[in-house]
Amino acid sequence: MELYLDTANVPEVERLAAIYPIAGVTTNPSIVAAGGHSVWDVLPRLQTVIGKEKRLFAQVLSRETAGMVNEARSLHEVVPGIIVKIPVTPAGLAAIGRLTALGIPTLGTAVYSAGQGLLAALAGAEYVAPYVNRVDAQGGDGIQMVRDLQRLLELHAPHSKVLAASFKTPRQALDCLLAGCAAITLPLDVLQQFLAAPAVDAAVAKFEQDWSQAFGQLTL
Ligand code: E4P
C-alpha cells in the first residue's frame, strides 16, 4: 500500500519522512495557501525533501478544461513526474482524458460518490480520491462510498487506484484500507494519532523501570 502525507509544510515533511514509511506527499490549493508560499516555490522543495523516487501530487485551480490542461503541463514541467489532481467536474473529466493522452498522470479529486470516481477512472485517472470525512460530515457514509468505488474499479477500471482522502480519525483510514484501497493520504494530526496512545508511553516507561531496578542502569 501507499501512505501519503497530506500537507505542504516542508520542514514537517522532512522531519516525518525520516520516521514514517511514506510513499510521497499530496497537496491541494487550501493546503498550499495555508503555508503562504507559492506553489512554484513549495513543490520543488517538497520533491527535494522526499526524494525523486517518492510521488508528489498538486492540484490545478482553473475551472475550464483548457486551463486545467495548461496548468497541469506547467506543473509537470516544473516537477517532472508530478501527479496532477483534477476535480472531477465535467470540465475536469475532459481534462483527465486529454492529460492521459499526453502522458501526464492524474488523480481525480473532490470525489463525493462512487459513480463520480468511476468516471474519473474510466477517463484515465491513475488515482481517484474519495473524500471520506467530508461525505460523513454531510450525513453520508464515506466508508460505504469507498467500498463501492473500490469494487467498481476492481471490476471495471483496474488500472486506477483508490487514494482515499479527507480523514479526521485513524479508524476512517483503516476502514478504507480494509476495503482494499491501495493508498491513503493523512493530515499530520491523524498520522500522529496512530502512535499517540498514552498506554504505549506507559509500557515503555515500565520496561525502563523494571530494567533499572534489576541492573541499576538503562543500557543493554
Ligand atoms: C485530498 O485529495 C484532499 O485534498 C484532502 O485530503 C481533503 O481533506 P480535508 O477534507 O480534510 O480538507
Side-chain angles (χ1 to χ4, degrees), residues 1-9 12-13 16 20 22-37 39 42-43 46 50 54-63 68 71-72 75 79 82-89 91-93 95-96 99 104-114 116-121 123-146 149-150 153 160-177 179 181-194:
M1 67 157 284
E2 299 159 41
L3 168 64
Y4 293 96
L5 298 178
D6 204 18
T7 182
N9 183 327
E12 277 295 85
V13 168
L16 295 169
Y20 293 90
I22 62 163
V25 169
T26 60
T27 67
N28 66 31
S30 302
I31 286 171
V32 173
H37 299 286
V39 75
V42 83
L43 291 176
L46 284 169
I50 62 177
K54 297 202 194 300
R55 309 201 87 178
L56 183 60
F57 297 70
Q59 189 167 324
V60 296
L61 261 186
S62 174
R63 296 255 201 153
M68 290 176 178
E71 288 177 358
L75 288 167
V79 184
I82 198 164
I83 295 139
V84 182
K85 294 173 67 177
I86 311 278
V88 186
T89 59
L93 206 54
I96 289 170
L99 290 165
I104 295 179
T106 58
L107 172 148
T109 195
V111 168
Y112 285 77
S113 74
Q116 183 196 5
L118 175 63
L119 285 172
E126 181 175 342
Y127 293 90
V128 180
Y131 281 9
V132 175
N133 194 68
R134 293 196 198 194
V135 168
D136 285 350
Q138 289 182 340
D141 186 340
I143 301 299
Q144 188 56 50
M145 169 189 61
V146 166
L149 177 58
Q150 174 66 27
L153 296 198
S160 284
K161 294 187 267 193
V162 176
L163 192 164
S166 179
F167 293 115
K168 289 291 168 283
T169 68
R171 185 70 245 173
Q172 291 171 320
L174 292 180
D175 283 342
C176 290
L177 294 172
C181 295
I184 53 170
T185 186
L186 299 177
L188 305 188
D189 60 327
V190 177
L191 174 73
Q192 290 174 100
Q193 281 178 49
F194 275 88

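Any value given below was found using the heavy atoms of this structure, including those in side chains, with hydrogens, waters and symmetry copies removed. Remember, it's 1-based here, ligands and their atoms both numbered in the order they're listed.
- We find that Arg55 and Glu2 are not joined by a salt bridge, their nearest charged nitrogen and carboxylate oxygen being 4.0 Å or further apart.
- In terms of heavy-atom proximity, Lys85 sits nearest to Thr109 at CE-OG1, 3.8 Å.
- Taking the centre of each ring, Phe57 and Tyr127 come in below the 6.0 Å mark.
- By the side-chain contact (heavy atoms from CB on, under 4.5 Å) test, Ala58 pairs with Thr27, Leu43, Leu75, Ile82, sequence neighbours left out.
- Not counting sequence neighbours, Asn9 has no partner by the side-chain hydrogen bond (donor to acceptor under 3.5 Å, both in side chains) test.
- The immediate protein surroundings of ligand 1, defined as residues with any heavy atom under 4.0 Å of it, consist of Asp6, Asn28, Lys85, Thr109, Tyr131, Arg134, Ala165, Ser166, Lys168.
- Residues passing the ring pair (Phe, Tyr, Trp, His ring centres under 6.0 Å) test with Phe167, sequence neighbours excluded: none.
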